[in-house]
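What you are looking at is a predicted structure, and each value in this text was computed from that prediction instead of being measured.
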Amino acid sequence: MHAGLKVCQGARYCLGAEGVLRVSLGCFLFFFVMFLSTVNTRKVHECRNSWHSEWWPVKLVLWLGLTVVTFLAPSPLVQLYGKVAHFGAGAFLVIQLISVTRFIMWLNDWCRSEISQKRCHLQIQVVSIVTYVGSLLGIVLMYVWYAPSLSCKLNILFITVTLVLVQLMTFVSMSSKVKAGYLAPGLMGIYVVFLCWSAIRSEPHTEVCNKKAEVATSADWVNIASFVIAVIVIVAATFSTGIDSKCLQFKQAEGESEEDDIPYGFGFFHLVFAMGAMYFAMIFVGWNASHTMERWTIDVGWASTWVRIGNEWLAALVYIWMMIAPVIWKTRQVGSSAETET
């Protein structure tokens, strides 16, 4: 094995990083094969449906075989995959944030429907206020924990921009033309505050302004439990994003679905998991294959911090666009109709 990793020159952190990349490459190849074999599946009676939902022993052997092959691959090829994985992991984050934003907007529309307003108007108002206040409280706590002095300029910048984004999303949602209410910006506020918090938590543990980040050098039960929970959350997020094959559809499909239609896009599902395999590799190496990761830590490093901050800012922009886009399209349609009549 060591002979295949000569580029590492015996460095333990490099061997570990390449090991992560090789396992990730094996998973990527497996899910890409699944993507190619299930894309464009339409009906549940197709044989590809059974291949997607059954044949687990065969798929297990296929996954193990592809993983073994990656450990025999030359090191330059693995390093190239590590560079390509940056883009795949970035695409995964974009798809995930679009899926989360769509779910929040769907939940907001459902809560604003006449039936929901009659049944649970008070509960919706309470949740809206709690989420909005909760996002502001989270920002205050981040100022206290991660910006204890004026010397923490970068953390102050991150938190202040988050505060501006929360207020901007609220202003857009409450504008006279959008009228989306407080629930959607409250939920999005919680989401972007969480992204900001996770970005700051990803700063290296030597950062003096990151006092809440304890160095995880010992395998105590708290660090192990946090590590396992983080992995489970990422897997759950990948699965929920994979079954949301409509998150990238900009136009609603015409016609009603039939009983024998598949419940979600199998090809899209496996493609998301393929990109998720790249994302797993990036968070385990801190988005840098030459980065030394401490034991029982995940997604730590300046590269991870900036990726998460960029993800937060992009999530806010996507939400604002989804709010104002219908208004812009409606205005254009009215203008086109007026020109046609004249």
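Taking OG1 of Thr160 as the start and NZ of Lys153 as the end, the distance is 13.5 Å to the nearest 0.5 Å. Note that the SG atom of Cys196 and the CZ atom of Arg201 stand 13.0 Å from one another [nearest 0.5 Å]. In this structure, CZ on Arg308 lies 9.0 Å from CH2 on Trp197, to the nearest 0.5 angstrom. To the nearest 0.5 Å, atoms OG1 (Thr131) and CD1 (Ile104) are separated by 9.5 Å. To the nearest 0.5 angstrom, Ser151 atom OG is 7.5 Å from Ile156 atom CD1. If you take CD on Gln167 and CD1 on Ile139, they are separated by 7.0 Å, rounding to the nearest 0.5 Å.
One hydrophobic cluster, built from ILVMFWY side chains closer than 4.5 Å, holds both Val84 and Leu21. Residue Phe87 is not grouped with residue Ile98 when hydrophobic side chains (ILVMFWY) are merged at heavy-atom distances under 4.5 angstrom, including chains of intermediate members. Val133 and Tyr191 end up in different hydrophobic clusters when Ile, Leu, Val, Met, Phe, Trp and Tyr side chains are linked at under 4.5 Å. There is a path of hydrophobic side-chain contacts, each under 4.5 Å, that joins Phe103 to Leu97. Hydrophobic clustering (side-chain heavy atoms under 4.5 Å, transitive across Ile, Leu, Val, Met, Phe, Trp, Tyr) keeps Ile190 apart from Ile309.
Between Phe28 and Met278 the shortest side-chain heavy-atom distance falls below 4.5 Å. Put simply, the side chain of Ile200 reaches to within 4.5 Å of the side chain of Ile159, judged on heavy atoms. Gln96 has its side chain within reach of Leu93: a pair of non-hydrogen atoms, C-beta onward, lies under 4.5 Å apart. Met188 is not listed as a side-chain neighbour of Leu165, based on a closest heavy-atom distance of 4.5 Å or more. Considering only heavy atoms from C-beta on, Val192 comes within 4.5 Å of Met169 through its side chain. Between Ser75 and Arg22, some side-chain heavy-atom pair lies under the 4.5 Å cut-off. Side-chain contact between His270 and Phe30: absent, with no pair of heavy atoms (C-beta onward) separated by less than 4.5 Å. At least one side-chain heavy atom of Leu136 sits less than 4.5 Å from a side-chain heavy atom of Leu163.
Checked by atom type and distance alone, the side chain of Thr170 pairs as donor or acceptor with a backbone atom of Val166 at under 3.5 Å. With Thr305 contributing its side chain and Ala199 its backbone, the two residues share a donor-acceptor pair below 3.5 Å.
Nearest heavy atom pair, residue Phe284 against residue Phe280, reads CD1-O, 3.0 Å. The two residues His86 and Gly82 come nearest to each other via the heavy atoms ND1-O, 2.9 Å. Residue Tyr146 comes nearest to Cys152 through the heavy atom pair O-CB, 3.9 Å, listed as atom of the first residue, atom of the second, then distance. Summarising the geometry of Ser135 relative to Val193, their closest heavy-atom pair is O-CG2, 3.6 Å, with the distance given to 0.1 Å.
Residue Val61 is found outside any hydrophobic cluster, as its side-chain heavy atoms come under 4.5 Å of no other Ile, Leu, Val, Met, Phe, Trp or Tyr. In the hydrophobic clustering, where aliphatic and aromatic side chains (Ile, Leu, Val, Met, Phe, Trp, Tyr) are joined below 4.5 Å either directly or transitively, Leu72 stands alone.
By the neighbour-count criterion of 12 heavy atoms within 6.0 Å, atom CZ of Phe32 is sparsely surrounded, having that number or fewer from other residues, nucleotides or ligands. Around the CH2 atom of Trp55, the shell of radius 6.0 Å holds no more than 12 heavy atoms that belong to other residues, nucleotides or ligands.
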- Intermediate values then yes/no, ring pair (Phe, Tyr, Trp, His ring centres under 6.0 Å), Phe35 and Phe31: CA-CA 6 Å; Phe35 161 73; Phe31 285 113; over 10 Å; no
- Task: List the steps and the verdict of side chain to side chain contact (heavy atoms under 4.5 Å, CB included) for Val68 and Phe71.
- Result: CA-CA 5 Å; Val68 171; Phe71 277 91; 5.8 Å; no
- Task: Check step by step if side chain to side chain donor-acceptor pair (under 3.5 Å) holds for Ser24 and Tyr81.
- Result: CA-CA 9 Å; Ser24 171; Tyr81 168 75; 2.6 Å; yes
- Give the intermediate values and the outcome of side chain to side chain contact (heavy atoms under 4.5 Å, CB included) for residues Phe158 and Glu203. CA-CA 12 Å; Phe158 290 161; Glu203 293 176 358; 4.1 Å; yes
- Item | Derivation and outcome, side chain to side chain contact (heavy atoms under 4.5 Å, CB included), residues Asn155 and Tyr143 | CA-CA 8 Å; Asn155 286 354; Tyr143 273 121; over 6 Å; no
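One side chain, Tyr319 or Ser173, offers a donor N or O that lies under 3.5 Å from an acceptor on the other.
Every residue meeting the side-chain contact (heavy atoms from CB on, under 4.5 Å) condition with Leu29, not counting sequence neighbours, appears here in chain and number order: Leu25, Leu66, Thr70.
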